[in-house]
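Here the structure is a predicted model, which is why all the values come from computation and not from measurement.
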Amino acid sequence: MSKKEKIQTLISDFEHLAYTFLPPTGVEVIQGSSFPYHFIANYGQANYRESLTYTLSHYLTFDPTRTPSIQKIPYFPSFESDIEAQGYSPSRNLRVVFRNYKEKKYLEIWTKNNVPKTILVTDFHDAVYNSPVFGMDPIRWSQDEKRILYIAEKKEDKKVKYFDEFKEDKDAQKALQQFEYKEDFGEGIAGKKSPVVFIYDFEEDALFKVANIPEDIVPLQISFADKEGKTLLFCGLKWDLFNRGLLYCFNRETAVYYLDKLILERVKEDPNLKEEEKKALKEKITQEAKETKPTRITNEDISFMPLPNKDFSKFVYFFSPKQNSHSFVMGLKSISLNPATFPKEINPKLVVDIVKEHGPTFSGLQGYHHDFGSYSWFSDNIHMAFHAYHGLSLGIYLLNTETSEILRIDQPKYKSERWTILKVYNDTIFASISNLEGNTSFAIYHGIDLKAGKLEECTKSAKWHIFNLETKQLPSPVKALNPSLNNIGEIKEEILN
């Protein structure tokens with residue numbers, strides 16, 4: 001094969017791959033105040049040992065008035081590597097990425113013109129926590145987009161190796177300490193043992209550590225509790241003698257906490273301050289942190305995953321009695337965030353009780369942390385969407401948090417089919433479907449009328465747009481170049497009322 005033929009073959013290969021649609025593991029809407037929605041379908045390989053992700057992305061649009069309603073933008077898939085965490089701002093005008101590059105860690109801030117601002121954070125913390133135990137969205141944005149919130153591993157002191165030159169007497173002890181066993185959270189959260197909460201302020205262009213979270217509480221599932229990012233809601237786990245097993249167990253005491261005043265400590269000292277001024281500032285922050293502690297606002301044995309709605313009028317959380325080691329069925333309560341009464345008056349309202357028997361379509365709020373993280377608010381701040389197990393299947397449900405009405409909306413072909421929520425955006429549900437047929441389908445649920453009353457009325461005009469892969473033979477030059485690409489898919493749409 002000549003060089004010209006090889007180049008032509010590669011171009012043909014790229015053209016076909018650009019139109020190929022693969023089952024996504026995540027969705028990010030990048031533009032969508034009106035139709036068509038522009039979104040990215042992400043799929044990739046997670047490196048759990050290094051807490052990194054290698055992401056491949058396809059760019060698509062969705063417009064229910066077109067046929068087919070989903071169309072792939074014909075660009076070659078973008079590839080990004082060494083990503084620890086990423087997230088888009090509420091307006092989709094900004095994107096934040098934590099990335100490792102040549103043993104250094106960077107915070108990248110991307111704008112619409114794709115010109116990033118890069119901040120070196122290697123000296124301030126280690127890996128960013130990107131596990132559903134600590135929150136489905138590792139980066140949380142304030143609604144005014146002036147702050148981001150995340151959890152990262154505490155920066156360890158510089159290690160002294162056994163054969164290094166000891167400059168101080170304590171260096172010998174440090175060299176020996178590196179061989180001591182230090183328990184981490186284990187099971188998909190290996191290497192994580194000292195979480196610290198950080199806030200980056202865009203206006204001040206500065207990174208802060210939240211100083212007033214007590215050391216005896218492990219912060220999980222943290223989020224802002226107001227539009228400006230001045231208060232926090234989070235799940236607090238009491239430190240245990242044995243911390244492994246957090247990913248799959250709900251058998252440790254947890255509670256929801258509220259922090260109404262943030263004591264922020266700059267991670268980078270002001271070079272203009274004198275040493276005595278730095279010392280005085282440090283002492284002031286330490287004292288304020290002792291005097292301003294978070295308030296525990298739930299009393300159940302187990303309560304976690306506080307999820308504030310979009311206007312911060314209330315939040316919901318999951319609860320359970322500490323009855324056995326592996327209890328995966330939870331109840332749901334809501335608490336008003338009305339500033340006139342909260343947090344002086346806290347009156348949890350039962351939304352969904354703990355289900356003890358299987359129903360015909362609903363068996364309770366059950367699953368693991370990544371399932372409870374699927375719960376998403378709609379724009380009316382009353383309804384939610386979530387997925388939960390029912391028998392052998394995983395189904396998608398709608399919930400009215402005021403009336404406690406629940407309706408299953410997926411339409412499975414098999415009893416063991418899994419419908420998984422990937423994203424809820426502008427009252428549109430993006431989901432994946434997997435079943436015995438082997439291929440994973442991509443589905444979009446659109447047309448919900450949240451003002452119609454009962455959930456059956458709300459969904460009367462809604463439709464599932466389901467997109468499957470249809471086998472297509474590649475031309476012979478491409479097949480000869482790469483036999484693994486013998487069959488790729490084209491989008492085939494099915495609409496279910």
Side-chain angles (χ1 to χ4, degrees), residues 46-53 82-87 95-109 116-142 147-160 174 177-178 182-186 188-202 204-224 229 232 234-237 239 243 246 259 262-271 278 281-282 285-286 289:
N47 182 343
Y48 292 107
R49 183 180 295 275
E50 302 296 334
S51 299
L52 300 176
T53 301
D82 300 329
I83 297 173
E84 275 193 348
Q86 62 178 321
R95 175 181 175 234
V96 163
V97 179
F98 285 93
R99 193 190 309 271
N100 286 359
Y101 181 70
K102 293 185 178 179
E103 298 184 352
K104 292 187 177 181
K105 194 180 308 298
Y106 295 92
L107 166 59
E108 300 173 356
I109 303 170
K117 175 178 181 178
T118 304
I119 303 166
L120 182 66
V121 296
T122 307
D123 296 334
F124 309 133
H125 60 70
D126 285 332
V128 176
Y129 281 51
N130 193 359
S131 164
V133 175
F134 289 85
M136 288 298 290
D137 295 321
I139 301 170
R140 310 293 295 189
W141 289 78
S142 63
R147 286 182 168 185
I148 59 169
L149 171 72
Y150 64 96
I151 301 174
E153 180 69 8
K154 181 181 178 182
K155 186 71 179 178
E156 289 188 347
D157 295 334
K158 188 175 180 180
K159 292 182 179 179
V160 179
K174 284 184 178 180
Q177 285 176 347
Q178 67 177 312
K182 296 179 181 179
E183 185 187 37
D184 58 22
F185 297 121
I189 326 175
K192 310 293 195 310
K193 50 187 177 292
S194 302
V196 180
V197 179
F198 291 90
I199 287 177
Y200 178 77
D201 191 297
F202 287 85
E204 296 192 41
D205 189 20
L207 182 63
F208 298 89
K209 179 178 72 174
V210 179
N212 53 331
I213 294 180
E215 292 184 355
D216 63 339
I217 296 177
V218 182
L220 314 173
Q221 304 136 20
I222 196 162
S223 62
F224 290 118
L232 299 181
F234 65 94
C235 168
L237 168 75
W239 278 108
N243 285 312
L246 293 180
L259 192 55
L262 305 183
I263 307 301
L264 301 179
E265 179 182 357
R266 285 180 182 265
V267 297
K268 189 176 183 180
E269 293 182 334
D270 187 346
K278 292 179 182 179
L281 180 60
K282 182 73 174 178
I285 290 173
T286 302

Indicate the atoms forming the closest heavy-atom contact of [X] with [Y], along with that distance.
| X | Y | result |
| --- | --- | --- |
| P219 | I151 | O-CD1, 3.5 Å |
| I285 | A211 | CG2-CB, 4.0 Å |
| D201 | E204 | OD1-N, 2.9 Å |
| I217 | I213 | O-CG2, 4.4 Å |
| V128 | A85 | CG1-CB, 3.9 Å |

Inset, instruction - Verify side chain to side chain contact (heavy atoms under 4.5 Å, CB included) between V218 and F134, making sure each step is shown before the conclusion. - result: CA-CA 10 Å; V218 182; F134 289 85; 4.1 Å; yes
Inset, instruction - Verify the neighbour count for atom NZ of K104: are there more than 12 heavy atoms of other residues, nucleotides or ligands below 6.0 Å? - result: no
Inset, instruction - Check the surroundings of atom NZ in K105: do more than 12 heavy atoms from other residues, nucleotides or ligands lie under 6.0 Å from it? - result: yes
Find out whether [X] and [Y] are in side-chain contact, i.e. whether some heavy atom of one side chain is under 4.5 Å from a heavy atom of the other.
| X | Y | value |
| --- | --- | --- |
| F124 | K155 | no |
| Q221 | M136 | no |
| V210 | L264 | yes |
| I119 | L207 | no |
| K154 | P195 | no |
| I83 | N130 | no |
| K117 | D205 | yes |
| F208 | L262 | no |

Legend entry - Ring center gap for Y200 and F202 short of 6.0 angstrom: yes
Inset, instruction - Can you label the angle between the Y150 ring and the F98 ring as parallel, tilted or perpendicular, going by 30° and 60°? - result: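 Taking F98 first and then Y150, their aromatic rings sit tilted (interplane angle of 30° to 60°).
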Inset, instruction - On the 0 to 90° scale, with breaks at 30° and 60°, tag the F198-H125 ring pair as parallel, tilted or perpendicular. - result: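 Rings of F198 and H125: tilted, 30 to 60°.
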Inset, instruction - Starting at CG of D137, measure out to CD1 of I148 and round the result to the nearest 0.5 Å. - result: 12.5 Å
Legend entry - Approximate separation, where rounding is to 0.5 Å, of W141 CH2 and S223 OG: 16.0 Å
Inset, instruction - Identify whether the distance between the nearest side-chain nitrogen and carboxylate oxygen of E265 and K282 falls below 4.0 Å. - result: yes
Inset, instruction - I would like to know whether F224 and L232 meet side chain to side chain contact (heavy atoms under 4.5 Å, CB included); could you show each step before the answer? - result: CA-CA 5 Å; F224 290 118; L232 299 181; 3.7 Å; yes
Inset, instruction - Output yes when a side-chain donor or acceptor of D82 lies under 3.5 Å from a complementary backbone atom of Y101, and no otherwise. - result: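 The answer is no, because no donor-acceptor pair under 3.5 Å joins these two groups.
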Inset, instruction - Check whether any side-chain N or O of E153 sits under 3.5 Å from a backbone N or O of K193 as a donor-acceptor pair, and report yes or no. - result: yes
